[in-house]
Student: 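I'd like to ask some things about the structure below.
Each chain gets a letter, A, B and so on, in the order the sequences are listed, and its residues count up from 1. Since this is a predicted model, take the numbers as computed values, not measurements.
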Amino acid sequence: METGRDFIRDIVRADLEAGRHKNVVTRFPPEPNGYLHIGHAKSICLNFGIAQEFGGHCHLRFDDTNPTKEEQEYIDAIERDVRWLGFDWGPHLYYASDYFERLYEWAEHLIKAGKAYIDDQSPEEMRAARGTLTAPGTNSPFRDRSVGENLDLFRRMRAGEFPNGARVLRARIDMTSGNINLRDPVLYRILHASHPRTGTQWCIYPSYDFAHGQSDAIEGITHSICTLEFEDHRPLYDWFIENLPVPSRPRQYEFARLNLTYTVLSKRVLTGLVRGGHVSGWDDPRMPTIAGLRRRGVPAEAIRDFVRRIGVAKANSIVDANMFDFSVREVLNRTAERRMAVLRPLRVVIENYPEGQFEELEAANHPDDVNAGTRKIRFGRELFVERDDFMENPPKKFFRLSPGNEVRLRYAYFVTCRDVVKNAAGDIVELRCTYDPATRGGNAPDGRKVKATMHWVSAVDAITAEVRLYNPLFRRPDPDASQFQDDLNPDSLEVLPDAKLEPALRGAEPERPVQFERQGYFVRDRDSTPERPVFNRTVGLRDSYAKAGND
RNA sequence: UGGGGAAUAGUUCAACGGUAGAACAGCGGACUCUGACUCCGUUAAUCUAGGUUCGAAUCCUAGUUCCCCAGCCA
């Protein structure tokens, strides 16, 4: 097992060596209020990865303390996505809501110790009394209620005697603290709402701060790993652990969340994209969600490889999306079988090939893997080639088809363009070519070379398909999350309605990407029908010709 | 002007007082029945200023810049 080197693994290793724990226990704690995205994948790989590497285990725990935002659909989707990513929580599936009763008892414990009180202030009053970043807060007029009164009020809160927002339970810590999280944080609020798991059993719910660390302690989590924005919650996390009779002593560590160029990894924004109809759903292949990436054809292995490459640190950063594409190509180049498909077809007639005649040629399924075997493809008088592979007036560096130029049709013959047929509007509608029968299979006996090999599809055999090309959802490398609509890329989806596929693609399976030679990696989409397959482009092949500015 | 963090090639991450290194991106080349893959070469960095030390990215001091925090969200 390759053990990565990062500051968190260093800490875990040191703790184990020092005998502070005999077993490492981590957890991935999503709130079920949206789908998981590539940023969560970083956390999942970190938490489950550490557990694997050090022989411990990792819990999946839903942080379901806010019933107004959480849904069963998200719980199901999250489980599915974590599993698909390749991780297993075994029997360790938990919910913060499993601990509601114990958390309630611990709240009473704090009240009895004089360390928590019921505040009747309105949200506005509380905000005003909290002070500012530079000015201290002021004590609530309800801060010194008796233990008896606090207990009575808290029990009546639980009993449902008060409407939403009427009162809260707060910790009594320090309204003048420089750390605003310590200015008497809210522990419980009244929420008359149905919870996906506890139904209407409760009408008061613990806050994140009051639930998270205690849940960690209950489960015996040794290393509670979260993102940087929780760094200044750590003193509060520790305060609860120290002031409550918890069964273990977890510690929180923070790392920098993932950012990727040309995308936004914010649940708020992703939810906005879905609800605003900017995408077709959480699994729209343009989405950076796990479900979207899966539908686009990205293998789980590529996501894991990517996460390994980017490392873990505490500095805010934005990873170049090229790194992600690299990992995707890395896996797909190795695993995807090759096929030929013409995305934007241009008809070719081989003038010296007999009408009605066909022959079978053999094509390799993978250039570097003979075990992948071969398949037969049919050649005939009428073919399709890529429109981009022909230029009537080619620039100097263009090696593909042009009038008078000879190229190779992959696995077939050398052909030469003899004539260009246009319609009344002047558009090229057909190419007239000749082939050299001596070059069957793709090599010339006289040793002459061609500078280009092109993919093609036999016209009578071709399957017509819809192909969807995806471009970044945002047009700026660093989109403004607060007004993401302004930065949306209007060309993020490009639909090619008339692609021509070789017949072997009829049996393409979902989640089994193939390479369309010279184009990229594609996968069959679930929108396919028997009559009309639909393919998604997972990622294009690198194209040094286009990159050189030769579009 | 409060509290908490972070600063190393264009980007992401290493170097844990002892030769600043990798990956991605870029550039150049080789190979090629995918202008792919692969291979070779190459450009390129310690936030600033002092100090400690034989020796500092690393330790100390002062400063600069960036990020997070004023939900009854997580």
Student: Give me the one residue out of A:H455, A:E517, A:E362, A:K376 that meets side chain to side chain contact (heavy atoms under 4.5 Å, CB included) with A:Y411.
Tutor: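 Answer after filtering A:H455, A:E517, A:E362, A:K376: A:E517.
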
Student: Does A:K69 reach a base, just sugar-phosphate, or nothing at all? Heavy atoms under 4.0 Å.
Tutor: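 Result for A:K69 = sugar-phosphate.
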
Student: Phosphate oxygens OP1/OP2 of B:A74: is one of them under 4.0 Å from a side-chain N or O of A:T65?
Tutor: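 Result: yes.
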
Student: At less than 4.0 Å, is any side-chain N or O atom of A:R542 found next to OP1 or OP2 of B:C37? Yes or no.
Tutor: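 True: A:R542 side-chain N/O within range (under 4.0 Å) of B:C37 OP1/OP2.
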
Student: Counting the atoms with a prime plus P, OP1 and OP2 as sugar-phosphate, which does A:F399 contact under 4.0 Å by heavy atoms, base, sugar-phosphate, or nothing?
Tutor: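 It contacts base atoms.
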
Student: Answer with base, sugar-phosphate or nothing: what part of the nucleic acid does A:P367 contact at a heavy-atom distance below 4.0 Å?
Tutor: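 Base contact.
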
Student: Is a donor-acceptor pair below 3.5 Å formed from side chain A:D232 to base B:G3, judging by atom type as modelled?
Tutor: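 For A:D232, whose side chain was compared with the base of B:G3, there is a donor-acceptor pair (under 3.5 Å).
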
Student: Can you tell me if the side-chain N/O atoms of A:K314 get under 4.0 Å from OP1 or OP2 in B:C67?
Tutor: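 No, because none of the side-chain N or O atoms of A:K314 sits under 4.0 Å from OP1 or OP2 of B:C67.
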
Student: Less than 4.0 angstrom between a side-chain N/O of A:R329 and OP1 or OP2 of B:C37, yes or no?
Tutor: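 Answer no for this pair, as no side-chain N or O of A:R329 is under 4.0 Å from OP1 or OP2.
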
Student: Please check if atom CZ in A:R309 has more than 12 non-hydrogen atoms from other residues, nucleotides or ligands closer than 6.0 Å.
Tutor: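 Yes, because the 6.0 Å sphere around CZ of A:R309 holds more than 12 heavy atoms from other groups.
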
Student: Take A:E231 and A:D209, find for each the nucleotide of RNA chain B with the closest heavy atom, and name the residue whose nucleotide sits nearer the 5' end.
Tutor: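 Result: A:E231.
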
Student: Counting distance alone, no hydrogens or angles: does the base of B:A74 have a donor or acceptor under 3.5 Å from a partner atom on the side chain of A:H233?
Tutor: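 Under the 3.5 Å cut-off, the side chain and the base do form a donor-acceptor pair.
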
Student: So, is A:R189 close to the B:A74 phosphate, meaning a side-chain N or O under 4.0 Å from OP1 or OP2?
Tutor: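 Yes, because at least one side-chain N or O of A:R189 sits under 4.0 Å from OP1 or OP2 of B:A74.
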
Student: Considering only atom C1', compute the distance from B:C68 to B:A74 and round it to an integer number of Å.
Tutor: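 Roughly 15 Å separates the two C1' atoms.
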
Student: According to the Watson-Crick and G-U wobble definitions, with both distances under 3.5 Å, which nucleotide is paired to B:A56?
Tutor: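 Partner of B:A56: none.
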
Student: Could you tell me how far apart A:K449 (NZ) and B:C31 (P) are, to the nearest whole angstrom?
Tutor: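 So the NZ-P distance, A:K449 to B:C31, works out to 11 Å.
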
Student: Using heavy atoms to find the nearest nucleotide of RNA chain B for A:R518 and A:V186 separately, return the residue whose nucleotide is more 5′.
Tutor: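 It is A:R518, whose closest nucleotide lies nearer the 5' terminus.
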
Student: Could you tell me how the ring of A:Y99 sits relative to the ring of A:Y94: parallel (under 30°), tilted (30 to 60°) or perpendicular (over 60°)?
Tutor: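 Tilted.
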
Student: With heavy atoms under 4.0 Å as the rule, sort A:S327 into base, sugar-phosphate or nothing.
Tutor: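 Since no nucleic acid heavy atom lies under 4.0 Å of A:S327, the category is nothing.
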
Student: Could you state the CD-C1' distance from A:E229 to B:C69, rounded to the nearest angstrom?
Tutor: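 Going from A:E229 (CD) to B:C69 (C1'), I get 10 Å.
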
Student: With a 3.5 Å cut-off and just heavy-atom distances, do the side chain of A:R338 and the base of B:U34 make a donor-acceptor pair?
Tutor: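 Indeed there is one.
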
Student: Can you identify which nucleotide, out of B:A74, B:C72, B:C37, has its nearest atom closest to the A:V168 side chain?
Tutor: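 Selected nucleotide (nearest to the side chain): B:C72.
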
Student: Base, sugar-phosphate alone, or nothing: which one does A:R309 contact when heavy atoms must sit under 4.0 Å apart?
Tutor: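 It contacts sugar-phosphate atoms only.
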
Student: Whole angstrom is fine here: how far is it from CG in A:D320 over to C1' in B:C13?
Tutor: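 Going from CG in A:D320 over to C1' in B:C13 covers 14 Å.
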
Student: Using atom P in both nucleotides, what's the gap between B:U11 and B:U48 to the nearest angstrom?
Tutor: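 The answer is 15 Å between these two P atoms.
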
Student: Can you tell me whether the side chain of A:Q519 and the base of B:U34 have a donor-acceptor pair closer than 3.5 Å?
Tutor: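 Looking at the base of B:U34, it does not pair with any donor or acceptor on the side chain of A:Q519 (distance under 3.5 Å).
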
Student: So, is B:G17 syn or anti if syn means the angle is within 90° of 0?
Tutor: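 Glycosidic conformation of B:G17: anti.
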
Student: Nearest whole angstrom, please: distance from the C1' of B:C73 to the CG of A:L191.
Tutor: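 A:L191 atom CG is separated from B:C73 atom C1' by 11 Å.
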
Student: Validate the cation-pi geometry between A:R167 and A:F142: distance from NZ or CZ to the six-membered ring centre under 6.0 Å, angle to the ring axis within 45°.
Tutor: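 The answer is no; the distance or angle limit is not met.
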
Student: Looking at every strand, decide which applies to A:E31 at a 4.0 Å heavy-atom threshold: base, sugar-phosphate, or nothing.
Tutor: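 A:E31: backbone/sugar contact only, no base atoms under 4.0 Å.
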
Student: Checking all strands, does A:Q121 fall into the base, sugar-phosphate, or nothing category for heavy-atom contacts under 4.0 angstrom?
Tutor: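 Base contact.
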
Student: Looking for any heavy atom pair under 4.0 Å, which part of the strands does A:F230 touch: base, sugar-phosphate only, or nothing?
Tutor: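 The residue A:F230 makes base contact.
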
Student: Who does B:A14 pair with, Watson-Crick or G-U, both distances under 3.5 Å?
Tutor: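 Result: none.
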
Student: For B:U32, give its Watson-Crick or G-U wobble partner with both distances under 3.5 Å, or none.
Tutor: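 Base-paired to nothing in any strand shown.
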
Student: Could you state the OH-P distance from A:Y262 to B:A25, rounded to the nearest angstrom?
Tutor: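 Rounding to the nearest Å, OH of A:Y262 and P of B:A25 are 15 Å apart.
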
Student: Would you kindly give the OH-to-C1' distance between A:Y237 and B:G3, to the nearest whole Å?
Tutor: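 Rounding to the nearest Å, OH of A:Y237 and C1' of B:G3 are 21 Å apart.
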
Student: Does the pair A:R189 and A:S207 meet the rule for a side chain to side chain donor-acceptor pair (under 3.5 Å), with working shown?
Tutor: CA-CA 7 Å; A:R189 70 284 212 199; A:S207 62; 5.7 Å; no

Student: Suppose we define a pair by two distances each less than 3.5 Å, Watson-Crick or G-U wobble; what does B:U19 pair with here?
Tutor: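 Pair assignment: B:U19 / none.
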
Student: What is the distance, rounded to the nearest whole Å, between atom CZ of A:R5 and atom C1' of B:C13?
Tutor: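 Atom CZ in A:R5 sits about 14 Å away from atom C1' in B:C13.
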
Student: NA contact type, A:N33, heavy-atom cut-off 4.0 Å: base, sugar-phosphate, or nothing?
Tutor: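 Nothing, no heavy atom under 4.0 Å.
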
Student: Answer yes or no: does a side-chain N or O of A:S317 lie under 4.0 Å from OP1 or OP2 of B:C13?
Tutor: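 True: A:S317 side-chain N/O within range (under 4.0 Å) of B:C13 OP1/OP2.
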
Student: Which of parallel (below 30°), tilted (30 to 60°) and perpendicular (above 60°) describes A:Y35 and A:W282?
Tutor: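 Parallel: the ring planes of A:Y35 and A:W282 meet at under 30°.
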
Student: Contact class for A:V312 (heavy atom, under 4.0 Å): base, sugar-phosphate, or nothing?
Tutor: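 Sugar-phosphate, no base atom in range.
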
Student: For B:U38, does OP1 or OP2 lie under 4.0 Å from any side-chain N or O of A:R334?
Tutor: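 So the side chain of A:R334 is outside the cut-off, no N or O lying under 4.0 Å from OP1 or OP2 of B:U38.
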
Student: Under 4.0 Å, counting only non-hydrogen atoms across every strand here, what does A:R234 touch: a base, just sugar-phosphate, or nothing?
Tutor: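 If one applies the 4.0 Å heavy-atom cut-off, A:R234 turns out to touch nothing in the nucleic acid.
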
Student: With a non-hydrogen cut-off below 4.0 angstrom, is A:L182 in contact with a base, only sugar-phosphate, or nothing?
Tutor: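 Result for A:L182 = nothing.
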
Student: Could you tell me which nucleotide pairs with B:A45 by Watson-Crick or G-U wobble geometry, both distances under 3.5 Å, or answer none if nothing does?
Tutor: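 No nucleotide pairs with B:A45.
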
Student: Side chain of A:A315 only, heavy atoms from C-beta on: which candidate in B:A6, B:A14, B:G71 is closest?
Tutor: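 So the side chain of A:A315 is nearest to B:A6.
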
Student: Verify, without hydrogens or angle tests, whether A:E386 (side chain) and A:R344 (backbone) share a donor-acceptor contact under 3.5 angstrom.
Tutor: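 Yes: the side chain of A:E386 pairs with the backbone of A:R344.
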
Student: Figure out the CD1/C1' separation between A:I310 and B:U11, and round it to whole Å.
Tutor: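 Rounding to the nearest Å, CD1 of A:I310 and C1' of B:U11 are 12 Å apart.
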
Student: Strictly below 4.0 Å, N to O, side chains only: are A:E70 and A:R197 in salt-bridge contact?
Tutor: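 No, A:E70 and A:R197 are not salt-bridged.
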
Student: So, OP1 or OP2 of B:A36: does either fall under 4.0 Å of a side-chain N or O from A:S544?
Tutor: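 Checking B:A36 against A:S544, a side-chain N or O does come within under 4.0 Å of OP1 or OP2.
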
Student: Answer yes or no: side-chain N or O of A:R400 and base N or O of B:G35 forming a donor-acceptor pair under 3.5 Å.
Tutor: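 Side chain to base: pair present.
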
Student: Mark yes or no for a side-chain to base donor-acceptor pair under 3.5 Å between A:D10 and B:C16, with no hydrogen or angle criteria applied.
Tutor: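 A donor-acceptor contact between them is present.
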
Student: If B:G2 has a Watson-Crick or G-U wobble mate with both distances under 3.5 Å, name it; if not, just say none.
Tutor: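 WC or wobble partner is B:C69.
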
Student: Please report the closest heavy-atom contact between A:L236 and A:I173, naming both atoms and the distance.
Tutor: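 Looks like CD1-CD1, 3.8 Å.
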
Student: For A:R440, does the CZ atom have more than 12 heavy-atom neighbours from other residues, nucleotides or ligands under 6.0 Å away?
Tutor: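 Enclosed: over 12 neighbouring heavy atoms sit under 6.0 Å from CZ of A:R440.
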
